[in-house]
Novice: 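Let me give you the structure first, and then I'll get to my questions.
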Amino acid sequence: MAQPRKPQKSRQPNGASSIFLGKDGRWHGYVTVGVKDDGTPDRRHVSRKTRAEVTKVVRDLEKQRDSTGVRKAGQTWTVKTWLTHWVENIAALSVGENTIDGYRVAVYHHLIPGLGAHRLEKLEPEHLERFYRKMQANGSAAGTAHQAHRTVRTALNEAVRRRHLTTNPASIAKAPKIEEEEVEPYTLEEVQRLLLEAGKHRNTARWVIALALGLRQGEALGLKWEDVDFENGVILVRRGRLRPRYKHGCGDKCGRKPGYCPQKISVRRETKDTKTRAGKRPIGVPEELLKLLRRHKEKQDRERALARDLWVEKGYVFTSPTGEPLNPNTDYHRWKDLLKAANVRDGRLHDARHTAATVLLILGVPDAIVDRIMGWEPGKSARMRSRYQHLTGQVLQQTAAKVGGLLWGPTLHPPEPTPGGAAPGPSQNPAPAEMTVYVARLGDRPVPFAHREHAETVVSQWGSDHPGHAAEIEAWDRSKWEQEGPGGMRGIRDRMPDRRLVHHAHAVFLPGGERLNIGRDEQWSVSAWEFETDLYTDLPVRWHTTRRPGQEVEAQVRGTDKDAVTAALADACAQAVDRARNPGRYGDVHSS
């Protein structure tokens with residue numbers, strides 16, 4: 001007689017989770033979440049007092065495994081250890097020199113001191129947001145806090161990719177808000193003053209290239225004579241100057257920073273190729289600039305002969321007196337010195353690039369050519385044009401004149417089309433050939449009017465607003481204005497221009513923050529015509545603070561709305577006092 005078969009014990013399939021009561025009286029669970037580096041299953045163990053508790057933990061672990069993945073087993077990272085490992089062993093191998101410099105500043109000066117003690121998997125978005133607020137409360141600019149945010153987000157994205165984290169808290173945290181300040185390009189008068197002053201200094205062509213061609217600082221300092229084609233009038237941009245980095249050659253015995261060590265050793269290459277294909281580009285050079293470059297080359301030859309065996313021949317266009325490429329930090333300070341010497345408002349060196357881009361807009365250069373000259377990639381060019389090309393008063397006036405000429409110009413009966421020819425369209429100028437243009441000479445500015453009474457009114461009122469400046473009327477025929485007048489026929493005004501008051505507020509503070517009484521009213525106003533707003537402003541209010549050569553800080557407010565100007569003065573003065581007391585916070589004190 002056959003014996004009955006014993007019932008087989010149930011067995012979980014391979015990889016399935018298991019829950020059981022251990023000999024220690026606790027419930028245990030095992031969940032397979034992946035495969036270890038050696039190929040064996042990665043089983044995670046959890047333990048709780050009751051079956052219900054351990055079951056919940058096991059189910060949560062299974063859901064995490066099936067959705068975002070479970071954090072990789074192994075080293076327990078802190079924010080400090082991960083950021084250090086990431087910036088030195090991962091990022092440093094895959095990004096450029098300038099980028100890694102920015103990463104290191106954010107990591108070592110901000111992120112590790114502020115967040116380094118956190119366990120990596122315990123870092124929360126709220127920790128980051130409180131850290132950004134603390135940075136700004138301690139004096140860091142919003143842009144600095146935003147740079148720290150971008151750096152930690154990039155570092156933690158790599159941690160997620162390597163399964164040291166399941167989610168990136170920096171992708172959830174709200175980044176610091178940056179108010180992008182509208183750049184005010186230099187006016188034609190300011191550019192001319194800068195060029196006039198640049199002619200008195202060494203490396204004159206350096207600043208002409210910045211203002212006329214819009215080259216970036218690194219592109220201008222990285223130019224070599226082999227990139228200048230005098231015969232065809234072209235400059236080839238193909239490399240950029242890197243910021244130098246040094247180490248001690250004295251064994252750190254001199255007690256100075258590496259850059260000031262008498263035996264310093266360079267640890268970074270001088271230039272690198274442009275990072276995009278669009279950045280490597282030929283640029284047409286005006287004949288006047290070519291002449292200036294030829295004279296610059298002759299001066300450099302004389303410097304080479306004077307330096308004798310001290311000269312280091314590297315072929316750069318702009319060099320030190322011994323042939324070395326210019327240091328970007330030194331170049332920056334030379335720009336600031338040029339602004340002060342030319343009595344031109346303070347601005348960044350990069351504002352020269354904005355100025356060059358705006359000049360191309362005023363001249364009506366096609367977008368495709370603008371992109372090539374400025375070195376913008378096709379996919380980003382529209383955004384870059386909107387960022388760099390600014391709608392100045394001259395651009396707005398020319399546009400308004402074109403619209404007015406089209407919609408409210410003289411009504412003409414269309415002529416009969418001639419055989420083989422087309423009838424003139426609305427884009428053709430309807431002004432008769434025999435018309436007289438009444439040019440109001442307002443100082444050095446010619447303003448054309450179609451009606452003499454408009455010119456007379458402007459000359460009379462403008463002259464009373466600007467005593468000591470000549471104002472008169474000249475009658476030109478159409479052909480003379482087309483040949484000599486700026487703006488062509490579309491620039492002729494068929495109506496009386498607007499006249500407005502621009503209100504100013506002004507205050508000066510000593511380095512300690514004390515208000516300096518300079519004997520001028522705190523507020524005043526000036527009359528400005530619509531064709532003068534590039535000298536003043538057409539905004540309700542705008543303000544800024546600047547540091548004078550004597551270290552006083554000046555607060556300037558101006559606008560067309562008097563109440564807004566009055567209200568903004570308090571903010572301007574508060575920043576001026578803070579800037580007077582803390583110059584380093586605003587970049588007024590520079591160190592190598």
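One-based numbering along the sequence shown.
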Novice: Indicate whether any N or O donor in one side chain lies under 3.5 Å from an N or O acceptor in the other, for W225 and Q300.
Specialist: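 Q300 and W225 do have a side-chain donor-acceptor pair below 3.5 Å.
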Novice: Counting distance only, does the side-chain N/O of H109 pair as donor-acceptor with the main-chain N or O of A106 below 3.5 Å?
Specialist: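 Not a single qualifying donor-acceptor pair exists.
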Novice: For R202 and E303, what are the C-alpha separation, side-chain angles and deciding distance, and is it a salt bridge (Lys or Arg N to Asp or Glu O under 4.0 Å)?
Specialist: CA-CA 11 Å; R202 188 174 175 273; E303 286 186 343; 2.6 Å; yes
Novice: Would you indicate whether E126, at its atom CD, is surrounded by more than 12 heavy atoms from other residues, nucleotides or ligands within a distance under 6.0 Å?
Specialist: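 Enclosed: over 12 neighbouring heavy atoms sit under 6.0 Å from CD of E126.
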Novice: Would you say that more than 12 heavy atoms from the other residues, nucleotides or ligands in this model lie under 6.0 Å from the NZ of K340, or not?
Specialist: yes
Novice: Can you pull out every side chain to side chain donor-acceptor pair (under 3.5 Å) where at least one residue sits in residues 314-326? Sequence neighbours excluded, please.
Specialist: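 Listed once each, the pairs are E270-K314, E270-Y316, K314-E324, S320-T322.
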Novice: Just say parallel, tilted or perpendicular for the rings of Y132 and H149, cut-offs at 30° and 60°.
Specialist: perpendicular
Novice: Indicate yes or no for a side-chain donor-acceptor contact from D227 to the backbone of K224 under 3.5 Å, with no hydrogens or angles considered.
Specialist: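 Checking the backbone N and O of K224 against the side chain of D227, a donor-acceptor pair under 3.5 Å is found.
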Novice: Flag the pair F509 / R581 as yes when at least one side-chain heavy-atom distance between them is below 4.5 Å, and no otherwise.
Specialist: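 Side-chain contact under 4.5 Å: no.
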Novice: For the residue pair P325 and L221, establish whether any side-chain heavy-atom pair is separated by less than 4.5 Å.
Specialist: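 Side-chain contact under 4.5 Å: no.
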Novice: Give, for atom OG1 of T271 and atom CD of E97, the distance between the pair rounded to the nearest 0.5 Å.
Specialist: 9.5 Å
Novice: Tell me the closest heavy-atom pair linking W82 and E158, and the distance in Å.
Specialist: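 Looking at all heavy atoms of both residues, the closest pair is CZ2-C, 4.0 Å.
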Novice: Indicate the atoms forming the closest heavy-atom contact of A342 with L194, along with that distance.
Specialist: CB-CD2, 4.0 Å
Novice: CD of Q556 to NE2 of H506: how many Å apart, nearest 0.5 Å?
Specialist: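 If we round to the nearest 0.5 Å, Q556:CD and H506:NE2 are 4.5 Å apart.
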Novice: Under 4.5 Å between any side-chain heavy atoms of T545 and E554, yes or no?
Specialist: no
Novice: So, H296 side chain and V317 main chain: donor-acceptor pair closer than 3.5 Å or not?
Specialist: yes
Novice: Please report the C-alpha distance between L293 and V228 in whole Å, then the side-chain angles of each, then the deciding distance to 0.1 Å, and finally whether the side chain to side chain contact (heavy atoms under 4.5 Å, CB included) criterion is met.
Specialist: CA-CA 9 Å; L293 284 170; V228 183; 4.3 Å; yes
Novice: Set out, in order, the CA-CA distance, both residues' side-chain angles and the distance that settles side chain to side chain contact (heavy atoms under 4.5 Å, CB included) for L290 and R294, then state yes or no.
Specialist: CA-CA 6 Å; L290 285 174; R294 289 189 183 97; 3.9 Å; yes
Novice: Would L338 and E197 satisfy side chain to side chain contact (heavy atoms under 4.5 Å, CB included), going step by step from the backbone distance to the final call?
Specialist: CA-CA 7 Å; L338 181 66; E197 182 62 32; 3.6 Å; yes
Novice: Quick check: does any side chain N or O of Q217 sit under 3.5 Å from a backbone N or O of P328, one acting as donor and the other as acceptor?
Specialist: yes
Novice: Between R304 (side chain only) and K299 (backbone N and O only), is there a donor and an acceptor less than 3.5 Å apart?
Specialist: no
Novice: Side chains of L213 and L289: closer than 4.5 Å at any heavy-atom pair?
Specialist: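 L213 vs L289: side chains touch.
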Novice: Could you walk me through whether R104 and E88 pass salt bridge (Lys or Arg N to Asp or Glu O under 4.0 Å), step by step?
Specialist: CA-CA 9 Å; R104 284 184 172 126; E88 299 299 343; 3.0 Å; yes
Novice: Within the structure provided, determine whether L111 and F131 are in side-chain contact (heavy-atom separation under 4.5 Å).
Specialist: yes
Novice: Any donor-acceptor pair under 3.5 Å linking the side chain of T78 with the backbone of H118?
Specialist: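 No, the answer is negative, given that no donor and acceptor are paired below the 3.5 Å cut-off.
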Novice: Mind checking whether L215 and I283 have side chains closer than 4.5 Å, heavy atoms only?
Specialist: yes
Novice: Is a side-chain donor or acceptor of N203 paired with a backbone partner of R206 at a separation under 3.5 angstrom?
Specialist: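 Here the side-chain-to-backbone pair does not exist.
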Novice: Please give me the minimum heavy-atom distance between V208 and L195, naming the atom from each residue.
Specialist: CG2-CD2, 3.7 Å
Novice: Using 0.5 Å steps for rounding, measure from the CZ atom of R238 to the CZ atom of R281.
Specialist: 13.0 Å
Novice: For the residue pair H201 and W207, is the inter-centroid distance of their aromatic rings smaller than 6.0 Å?
Specialist: no
Novice: To the nearest 0.5 angstrom, please state how far the CZ atom of R193 sits from the CG atom of N343.
Specialist: 5.5 Å
Novice: Taking all non-hydrogen atoms of both residues, which atom of R547 and which atom of R579 are closest, and how far apart?
Specialist: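 R547 and R579 have their closest heavy atoms at NH2-O, 2.6 Å.
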Novice: Does K336 use its side chain to pair, donor to acceptor, with the backbone of G347 at less than 3.5 Å?
Specialist: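 Checked: pair present.
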Novice: Run the side chain to side chain contact (heavy atoms under 4.5 Å, CB included) test on T151 and W86 for me, step by step, so that the C-alpha distance in whole Å, both residues' side-chain angles and the decisive distance to 0.1 Å come before the verdict.
Specialist: CA-CA 11 Å; T151 302; W86 169 79; 4.0 Å; yes
Novice: Do you know which two heavy atoms are closest between C250 and C254, and how far apart they sit?
Specialist: SG-N, 3.5 Å
Novice: So, N157 side chain and N168 main chain: donor-acceptor pair closer than 3.5 Å or not?
Specialist: no
Novice: Find out whether R348 and Y332 are in side-chain contact, i.e. whether some heavy atom of one side chain is under 4.5 Å from a heavy atom of the other.
Specialist: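 Heavy-atom side-chain distance check fails, nothing below 4.5 Å.
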Novice: In the structure I gave you, are the side-chain heavy atoms of V565 and R558 within less than 4.5 Å of one another anywhere?
Specialist: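 No, too far: nothing below the 4.5 Å cut-off.
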Novice: Distance-only check: which donor-acceptor pairs under 3.5 Å involve side-chain atoms of residues 261-268, not counting sequence neighbours?
Specialist:
unit_1 : atom_1 : unit_2 : atom_2 : d
K264   : NZ     : G259   : O      : 3.3
S266   : OG     : R268   : O      : 3.1
R268   : NH1    : D101   : OD2    : 2.9
R268   : NH1    : R243   : O      : 3.0
R268   : NH2    : D101   : OD1    : 3.0
R268   : NH2    : D101   : OD2    : 3.0

Novice: Can you tell me how far the CD atom of Q147 sits from the NE2 atom of H110, to the nearest 0.5 Å?
Specialist: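 Atom-to-atom, Q147:CD and H110:NE2 are 8.5 Å apart.
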Novice: Which atom names give the shortest non-hydrogen contact between C573 and A555, and what distance separates them?
Specialist: N-CB, 4.3 Å
Novice: Rounded to the nearest 0.5 Å, what separation is found between the CD1 atom of I209 and the CD1 atom of I235?
Specialist: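 The distance works out to 4.0 Å.
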Novice: Is there a donor-acceptor contact under 3.5 Å from the side chain of D331 to the main chain of N327?
Specialist: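 No: the side chain of D331 does not pair with the backbone of N327.
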